[in-house]
Number of protein chains: 2
Amino acid sequence: MSEEKQKTKDRLLDAAENLFASKGFDDVSIRELAAAADVNVAAVNYHFQGKENLFQQVILRRFVVQRDNTLKALENILSDASNKPDIALVIQTLVEEYLKGTLSSPGGGSFMLLVAREMQSQNHHGSTTFFKEMVMPVFQAYSMALMDVRPCLRQEQINWILASIVGQIHHFIMRWHKKKSFDAQSEEVQIMVRVFPALGLSVDDYITQVTNHITAFSTAAIDSLYPEVSP
Amino acid sequence: MSEEKQKTKDRLLDAAENLFASKGFDDVSIRELAAAADVNVAAVNYHFQGKENLFQQVILRRFVVQRDNTLKALENILSDASNKPDIALVIQTLVEEYLKGTLSSPGGGSFMLLVAREMQSQNHHGSTTFFKEMVMPVFQAYSMALMDVRPCLRQEQINWILASIVGQIHHFIMRWHKKKSFDAQSEEVQIMVRVFPALGLSVDDYITQVTNHITAFSTAAIDSLYPEVSP
DNA sequence: ATTAATATTAAACGGTTGTTTTAAACTTGG
DNA sequence: CCAAGTTTAAAACAACCGTTTAATATTAAT
């Protein structure tokens with residue numbers, strides 16, 4: 001594989017990431033992809049053996065980074081000997097890293113919306129390995145962390161808790177993207193911002209507010225339902 | 001409109017509800033709809049002037065019932081003079097009615113999955129009136145109820161709380177449908193049930209457990225973050 | 001019974017989809 | 001420099017999409 005021709009694949013991957021993220025798998029045609037990447041339509045099948053495979057490559061390329069970021073962020077707070085982490089910090093780390101990767105990744109992409117979308121669709125474009133390689137490690141690492149900072153928690157309780165947290169995260173991600181899918185001056189956006197003012201903020205401020213809310217909400221719930229046993 | 005010919009419209013609506021709910025708007029073709037309802041392909045356009053309109057009719061027919069059920073359930077607990085409702089009861093009513101309508105509606109349909117799916121998609125098949133007529137009344141009624149049982153709550157706090165609750169509800173709905181979209185003996189289902197045992201239960205038991213969790217989780221959070229001011 | 005409106009049917013239309021073909025343009029190693 | 005292999009390009013392919021047409025069948029009313 002030549003040096004210059006690798007650029008074609010990369011341009012295709014970049015264009016695909018943006019288009020898939022903003023319109024979903026089905027609503028992006030190969031011709032649209034080719035035009036955005038400024039390559040021929042046949043290039044998609046030549047380099048990726050089909051649209052389906054291109055999609056998986058896109059997901060994989062980004063999600064590996066996201067997985068490692070999320071795991072690294074957890075390691076950072078756990079290994080910081082200066083202050084012992086508590087429940088709130090663990091949750092805040094998970095939520096913040098998730099939102100950042102989804103709403104304000106450096107590539108400007110909202111690639112993880114793909115994951116949220118496909119996880120909730122009944123098409124199985126991704127394979128089981130995606131779940132095993134990408135989701136499970138993060139899930140298990142944060143399960144461990146939660147058990148460390150709150151030893152009385154049992155595994156099944158943590159499963160319920162994490163489901164509630166991830167559910168909230170997805171919901172706020174979807175709200176943001178739903179708003180962005182309309183014209184900024186449209187009546188729909190006006191209503192949405194009026195009902196939920198945080199949607200009128202910048203991405204970073206939105207992430208901050210949502211992170212603070214989910215963290216406070218979930219931490220309060222856990223502290224109340226599963227209080228720390230006094231030493 | 002003749003008596004017998006109304007049956008054609010109804011058969012089409014029923015078939016559309018099931019198919020749309022299980023595959024989404026884009027993944028259902030008119031020919032597929034016609035075959036399932038045992039009518040000609042042209043019948044869709046003849047009776048409903050297009051696929052888009054049929055979809056909206058499907059949503060409307062069911063969601064009016066769901067909206068009224070949800071509002072009626074709230075009225076019931078509010079007007080029951082024998083025991084004054086608390087936060088937990090209001091939340092439980094919302095969650096339970098939502099889940100029942102989505103996962104075990106009498107028609108066997110999972111029509112409200114449609115709403116969840118379309119709310120989270122970036123296509124705007126439904127109109128703004130759907131939001132105003134169907135979502136807002138329920139939202140406002142439950143906002144009022146929460147203010148009644150916990151007067152210290154301000155509107156914006158309620159918005160955040162309801163977002164967290166609805167986010168959790170949607171997530172558990174999606175988990176259930178995701179599981180149902182696989183073969184019962186598939187490896188995927190085995191993994192899902194192992195990680196989250198509640199998915200192995202019957203629908204009704206699943207609804208009960210999820211309702212209890214979301215109610216307990218959210219009530220604990222609210223009680224801790226916004227405690228009742230002592231009289 | 002005849003007429004007019006309504007409902008159903010099979011066939012076709014124009015368009016888009018993902019993919020493949022065929023050939024020309026490159027890059028690269030001897 | 002040239003032949004071998006790799007990458008691009010335009011065009012065609014087969015399948016499917018939502019919709020429409022035009023003819024037929026059914027119903028309702030006079």
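Heavy-atom basis, side chains included; hydrogens, waters and symmetry copies ignored. Per chain, numbering begins at 1; letters A, B, ... match sequence-line order.
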Distance-minimising heavy-atom pair for B:Leu12 and B:Ala37: CD1-CB, 3.6 Å
Minimum-distance nucleotide (side-chain atoms of A:Lys51 versus C:dT19, D:dT8, D:dT19): C:dT19
Whole-Å distance separating the CG atom of B:Leu12 from the C1' atom of D:dG18: 14 Å
Touch class at under 4.0 angstrom, heavy-atom based, for B:Ala42 against every strand present: base
Any A:Thr8 side-chain N or O less than 4.0 Å from OP1/OP2 of D:dT8: yes
Nucleotide nearest B:Asn45 (side chain, heavy atoms from C-beta), chosen from D:dT19, D:dA11, C:dA10: D:dT19
N/O (side chain, B:Asn40) to phosphate O (OP1/OP2, C:dA10) under 4.0 Å: yes
Proximity to the side chain of A:Tyr46 - top-ranked nucleotide from C:dT20, C:dT9, D:dT7: D:dT7
Distance in angstrom units between B:Glu32 CD and D:dC17 P, rounded: 7 Å
Given DNA chain C, 5'-ward residue of the pair A:Val44 and B:Arg11, judged by closest heavy atom: B:Arg11
is_close_aromatic(A:Trp160, B:Phe217), centroid dist under 6.0 Å: no
Interatomic distance, A:Asp10 CG vs D:dT7 P [rounded to whole Å]: 13 Å
Spacing of B:Asp26 atom CG relative to C:dG18 atom P, expressed in whole Å: 12 Å
Under 4.0 angstrom between A:His47 side-chain N/O and D:dT6 OP1 or OP2: no
Matching residue for B:Trp176 among B:Phe196, B:Tyr206, B:Phe182 - test: ring-ring contact (aromatic ring centres under 6.0 Å, His included): B:Tyr206
Among A:Thr215, A:Thr208, A:Ile214, the one residue meeting side chain to side chain contact (heavy atoms under 4.5 Å, CB included) with A:Thr211: A:Thr215
Nearest-nucleotide pick for B:Ser29, side chain only, options being D:dG18, C:dG18, C:dA7: D:dG18
Length of the line joining A:Arg31:CZ and C:dT19:C1', which is rounded to integer Å: 9 Å
